[in-house]
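Have a look at the structure below before the remarks.
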There are 2 protein chains.
Amino acid sequence: MLAGMTAMAPTRTEPDLSFLLDRTSHVLRTRMAAALAEIGLTARMHCVLVHALEEERTQIQLAEIGDMDKTTMVVTVDALEEAGLAERRPSSTDRRARIIAVTEEGARVAARSQQIVDQVHEEALAALPANERAVFLRAMNRLVTGHLAEPVEHAQPVRRARQRGN
Amino acid sequence: MLAGMTAMAPTRTEPDLSFLLDRTSHVLRTRMAAALAEIGLTARMHCVLVHALEEERTQIQLAEIGDMDKTTMVVTVDALEEAGLAERRPSSTDRRARIIAVTEEGARVAARSQQIVDQVHEEALAALPANERAVFLRAMNRLVTGHLAEPVEHAQPVRRARQRGN
DNA sequence: TATTGTTATACTCTATAACTATA
DNA sequence: TATAGTTATAGAGTATAACAATA
């Protein structure tokens, strides 16, 4: 399941950054999914809900913010509509586009889901002494904006282009 | 692609730990894959190679160390054998089990791949000032052994049990 | 009966392709 | 021509099931 790329803890003393990041992100993601599932949301639904609430946004705009494909956005919005948390409305300025409008119920759920997200994060960070915590978060932000800002161009793309003639 | 669970950077000031961990682990994983691909290895192949070198280990033991399914281990070992980096040998004590023996070429490649892994980690950590670095790594270790040590039991399992009668 | 390793396959996820309607 | 959204589906990854050999 986890890559376990260099889970060589027993034998190596050098810090295995891959293991540390993979493990923590995976476990946090699992906990977040479980916590949000209790109110019927996925992480993606929460993400769309929150950003659709901020201002009028189209599916494409929300897809970019959440780093999803537009086809993934379709199923996410489908789920939100089915749950009565959001609706598709035609844009008044572009008849191709749909504005994602959050319902009143959707706004209530979003407020609750944001609490849940904050709490899950808080519980995770509780493992750190207060003074370490600030340094840790600053460091994470440095990594995110530093050398780990952008994925390397795929030498061999994740997904092969489809063969012509198929 | 990335979950983008709470990529709400523009509007929220609270640290979004999910975003930070997802993003950094994903980018690091991508970079690692690209770097190892240059010598024909995947992260799993590297992981198996390194741990098989340490002592005589069976596929099951290596699967546990690398947190892989035993069926995933089969294809990983297949790849190592095909590349001439490792061989399956019958265990002398259990005729069901296979010891994964690393070839001389495999040992050379493992030494090189370990250099690559260390270098990729080093490049990532270079974004941090020296004093921050130690605190950061200590904090990551605290998270990994703290509340983020174990994934929560899946409320709804990742994969549904197969229907009976199919 | 339980376990190691194998094969075959089913399931999930997500991106690609192709399409409609607009711009 | 290009873009927003949709549908259908292909590809990759990985786990489940069933099996053979052995414990």
Side-chain angles (χ1 to χ4, degrees), chain A residues 1-5 22 26 29-30 33 42-45 48 52 56-81 86-100 151 154 156-166, chain B residues 1-5 22 26 29-30 33 37 42-45 48 52 56-64 66-81 86-100 151 154 156-166:
Chain A
M1 169 185 273
L2 265 181
M5 106 122 276
D22 281 355
H26 174 249
R29 187 191 289 250
T30 304
T42 63
R44 289 213 174 95
M45 288 164 78
V48 169
E56 288 215 343
R57 286 187 167 129
T58 66
Q59 289 188 203
I60 286 273
Q61 290 171 329
L62 290 167
E64 266 166 33
I65 292 173
D67 198 13
M68 309 176 211
D69 191 88
K70 62 181 181 173
T71 60
T72 305
M73 180 58 60
V74 169
V75 306
T76 305
V77 174
D78 284 350
L80 288 172
E81 275 201 323
E87 293 168 3
R88 279 177 247 239
R89 292 199 191 142
S91 162
S92 51
T93 60
D94 184 341
R95 282 158 61 196
R96 293 169 305 179
R98 320 287 195 89
I99 300 296
I100 303 307
H154 301 278
Q156 57 254 74
V158 172
R159 169 122 170 244
R160 242 65 62 232
R162 207 172 290 183
Q163 300 299 331
R164 291 216 283 161
N166 281 8
Chain B
M1 171 183 275
L2 264 182
M5 107 123 274
D22 281 354
H26 174 249
R29 188 190 287 251
T30 304
T42 62
R44 289 215 174 93
M45 287 164 79
V48 169
E56 288 215 342
R57 285 185 167 130
T58 66
Q59 290 188 202
I60 286 274
Q61 291 171 329
L62 291 167
E64 266 166 32
D67 199 10
M68 309 176 210
D69 192 86
K70 62 180 180 174
T71 59
T72 306
M73 179 57 61
V74 170
V75 306
T76 305
V77 174
D78 284 350
L80 288 172
E81 275 201 324
E87 293 168 2
R88 280 177 245 240
R89 291 198 191 144
S91 163
S92 52
T93 60
D94 184 340
R95 282 159 61 194
R96 292 170 307 180
R98 320 285 194 93
I99 301 295
I100 302 308
H154 302 278
Q156 57 254 73
V158 172
R159 169 118 172 252
R160 242 66 61 233
R162 207 171 292 182
Q163 300 299 331
R164 289 216 283 160
N166 284 7

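Treat the numbers as computed from the prediction; the structure is a model and nothing was measured. Throughout, a chain's letter reflects where its sequence line sits, starting with A, and its residues are numbered from 1.
Shown here are the side chain to side chain contact (heavy atoms under 4.5 Å, CB included) partners of A:T42, two or more places apart in sequence or in another chain: A:R44, A:M45. Considering only residues two or more places apart in sequence or on other chains, B:E87 meets the salt bridge (Lys or Arg N to Asp or Glu O under 4.0 Å) condition with B:R89. Remark: B:E64 pairs with no residue by the salt bridge (Lys or Arg N to Asp or Glu O under 4.0 Å) rule, at least two apart or across chains. For A:R88, the side chain to side chain donor-acceptor pair (under 3.5 Å) criterion is met by A:Q59, A:D78, A:E81, not counting sequence neighbours. A:S91 pairs by the side chain to side chain contact (heavy atoms under 4.5 Å, CB included) definition with A:T93, A:D94, A:A97, A:I99, not counting sequence neighbours.
Remark: C1' of C:dC13 and CZ of A:R29 are 12 Å apart, rounded to the nearest angstrom. If you take CG of A:D69 and C1' of D:dT7, they are 13 Å apart, rounded to a whole angstrom. Across the protein-nucleic acid pair, A:M68 atom CE and C:dT16 atom P stand 17 Å apart, rounded to whole Å.
A rotation axis mapping the C1' atoms of four pairs onto the next four is fitted at both ends of the helix from C:dT1-D:dA23 to C:dA23-D:dT1 over five pairs, and the angle between these axes is 10° to 10 degrees.
When each of A:L62, A:I60, A:T58 is paired with A:M73, the side chain to side chain contact (heavy atoms under 4.5 Å, CB included) condition holds for A:L62 and for no other.
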* **Residues A:M68, A:V48; criterion side-chain contact (heavy atoms from CB on, under 4.5 Å); working and verdict** => CA-CA 10 Å; A:M68 309 176 211; A:V48 169; 3.8 Å; yes
Grab the N/O contacts between the protein and nucleotides 4-6 of chain C below 3.5 Å, and write none if there aren't any.
from	atom 1	to	atom 2	distance (Å)
C:dG5	OP1	B:Q59	N	3.3
C:dG5	OP1	B:R98	N	2.7
C:dG5	OP1	B:R98	O	3.2
C:dG5	OP2	B:I60	N	2.7
C:dG5	N7	B:K70	NZ	3.2
C:dG5	O6	B:K70	NZ	3.3
C:dT6	OP1	B:R88	NH1	3.1
C:dT6	OP2	B:Q59	OE1	2.9
C:dT6	OP2	B:Q59	NE2	2.9
C:dT6	OP2	B:R88	NH1	2.7

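Nearest heavy atom pair, residue B:T72 against residue B:V75, reads O-CG2, 3.1 Å.
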